[in-house]
Student: 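Here you go, one structure.
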Amino acid sequence: MKTERDPREVRLRERIEAIRARSAKSTPWRSSVQYLSRLVNDTGHVPVKVRLSREDLSFLAGARDEVIMLADLAVRLIELHRPQDSGGITSDPDTPIRRCRACMWRWPCPTFRAIDESVAR
């Protein structure tokens with residue numbers, strides 16, 4: 001018996017995978033930033049002539065909005081998955097057992113750990 005996926009899950013997964021694919025195909029600029037930062041002129045701009053691929057343009061077209069969207073998502077998940085005192089009896093009153101407010105897993109919950117690990121990279 002195959003369970004059907006929620007259409008919202010499918011839509012979200014497709015959107016996130018599209019962002020990931022566009023990002024992976026674009027050219028990384030990390031190594032160029034140090035050089036380019038020395039070229040900032042009096043108006044605060046860097047006069048650069050560069051060749052961009054279709055993948056680079058596709059990525060740059062939506063990068064700002066997608067980063068904001070993903071950051072908003074992370075903040076909302078962090079707000080949902082916060083620790084709370086589990087309220088049970090503990091052998092160490094100075095460090096009570098805590099659980100996640102949203103999923104009730106022991107703190108830190110898998111959702112919080114996944115976000116923390118992704119951001120720490």
Side-chain angles (χ1 to χ4, degrees):
M1 181 173 103
K2 186 176 178 181
T3 58
E4 284 191 39
R5 286 207 160 151
D6 184 324
R8 294 172 295 185
E9 177 191 356
V10 172
R11 179 182 54 82
L12 287 172
R13 183 176 296 278
E14 287 173 353
R15 176 103 189 259
I16 298 296
E17 289 297 333
I19 292 170
R20 179 187 290 163
R22 255 192 326 281
S23 300
K25 289 178 184 176
S26 67
T27 304
W29 284 68
R30 185 175 304 277
S31 61
S32 303
V33 170
Q34 190 174 18
Y35 167 73
L36 293 172
S37 63
R38 290 183 265 151
L39 300 176
V40 176
N41 62 21
D42 297 340
T43 63
H45 296 89
V46 178
V48 177
K49 291 183 180 179
V50 65
R51 297 178 121 187
L52 297 173
S53 67
R54 282 191 177 102
E55 289 82 10
D56 291 333
L57 292 173
S58 175
F59 172 76
L60 291 171
R64 180 183 180 279
D65 294 335
E66 290 170 349
V67 167
I68 291 170
M69 175 200 60
L70 291 171
D72 287 345
L73 169 64
V75 168
R76 289 183 67 192
L77 287 171
I78 290 168
E79 288 173 357
L80 285 171
H81 293 270
R82 296 187 334 224
Q84 70 177 7
D85 186 354
S86 67
I89 297 173
T90 180
S91 59
D92 186 3
D94 292 333
T95 55
I97 295 172
R98 298 185 314 165
R99 294 204 177 273
C100 174
R101 292 177 188 267
C103 62
M104 296 307 292
W105 279 69
R106 284 191 74 154
W107 184 255
C109 70
T111 301
F112 184 86
R113 282 196 314 264
I115 295 168
D116 187 42
E117 290 167 7
S118 294
V119 172
R121 282 193 230 165

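From a predicted model like this one, the values you see are computed outputs, not experimental measurements.
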Student: Could you tell me whether a side-chain N or O of D56 sits under 3.5 Å from a main-chain N or O of S53, the two making a donor and an acceptor?
Tutor: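 It does hold such a pair.
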Student: Which value, rounded to the nearest 0.5 Å, describes the distance between L12 atom CG and L73 atom CG?
Tutor: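 Those atoms lie 8.5 Å apart.
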Student: Looking only at heavy atoms, what is the nearest atom pair of H81 and C109, with distance?
Tutor: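 Shortest heavy-atom separation between H81 and C109 comes out as ND1-SG, 3.5 Å.
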Student: Using the salt bridge (charged side-chain N to carboxylate O under 4.0 Å, His left out) criterion, which residues pair with R99? Sequence neighbours excluded.
Tutor: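 Counting only residues at least two positions away or on another chain, R99 forms no salt bridge (charged side-chain N to carboxylate O under 4.0 Å, His left out).
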Student: When rounded to the nearest 0.5 angstrom, what distance separates CD1 in I19 from CG in D65?
Tutor: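 Reported value, rounded in 0.5 Å steps: 10.0 Å.
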Student: Among the clusters formed by ILVMFWY side chains lying less than 4.5 Å apart, do W29 and V67 turn up in the same one?
Tutor: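 No; tracing contacts between hydrophobic side chains, which count when under 4.5 Å, never links both residues.
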Student: Can you tell me which residue pairs pass the salt bridge (Lys or Arg N to Asp or Glu O under 4.0 Å) test with a partner in residues 6-19, sequence neighbours excluded?
Tutor: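 Counting only pairs at least two positions apart or across chains, the salt bridge (Lys or Arg N to Asp or Glu O under 4.0 Å) contacts touching residues 6-19 are R5-E9, D6-R8, E9-R13, E17-R20.
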Student: Hydrophobic cluster membership, with links at side-chain heavy-atom distances under 4.5 Å among I/L/V/M/F/W/Y: are V50 and V40 in one?
Tutor: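 Yes, because V50 and V40 connect within a single hydrophobic cluster, where side-chain heavy atoms sit under 4.5 Å apart.
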Student: State the CZ-CZ distance between R98 and R106, to the nearest 0.5 angstrom.
Tutor: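 Rounded to the nearest 0.5 Å, the CZ-CZ separation comes to 11.0 Å.
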Student: Is the ring centre of F112 less than 6.0 Å from the ring centre of W105?
Tutor: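 Centroid separation for F112 and W105: 6.0 Å or greater.
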Student: Write down the atom of S58, the atom of R22, and the distance for their closest heavy-atom approach.
Tutor: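 Residues S58 and R22, closest heavy atoms: OG-CD, 2.8 Å.
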Student: For P47 and L39, work out which heavy atoms get closest and say how close.
Tutor: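 Of all heavy-atom pairs spanning P47 and L39, the closest is CD-O, 3.6 Å.
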Student: Taking R82 for its side chain and R101 for its backbone only, find out whether a donor-acceptor pair lies under 3.5 Å.
Tutor: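 No; zero donor-acceptor contacts below 3.5 Å.
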Student: Honestly curious: do I68 and L70 fall in one hydrophobic cluster under the side-chain, below-4.5 Å linking rule?
Tutor: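 I68 and L70: separate clusters.
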Student: How about T27 and L52: do any of their side-chain heavy atoms sit closer than 4.5 Å?
Tutor: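 The answer is no, as the side chains (C-beta and beyond) never meet within the 4.5 Å cut-off.
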Student: Side chains of L60 and S26: does their closest heavy-atom pair fall under 4.5 Å?
Tutor: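 Counting from C-beta outward, L60 and S26 never come under 4.5 Å.
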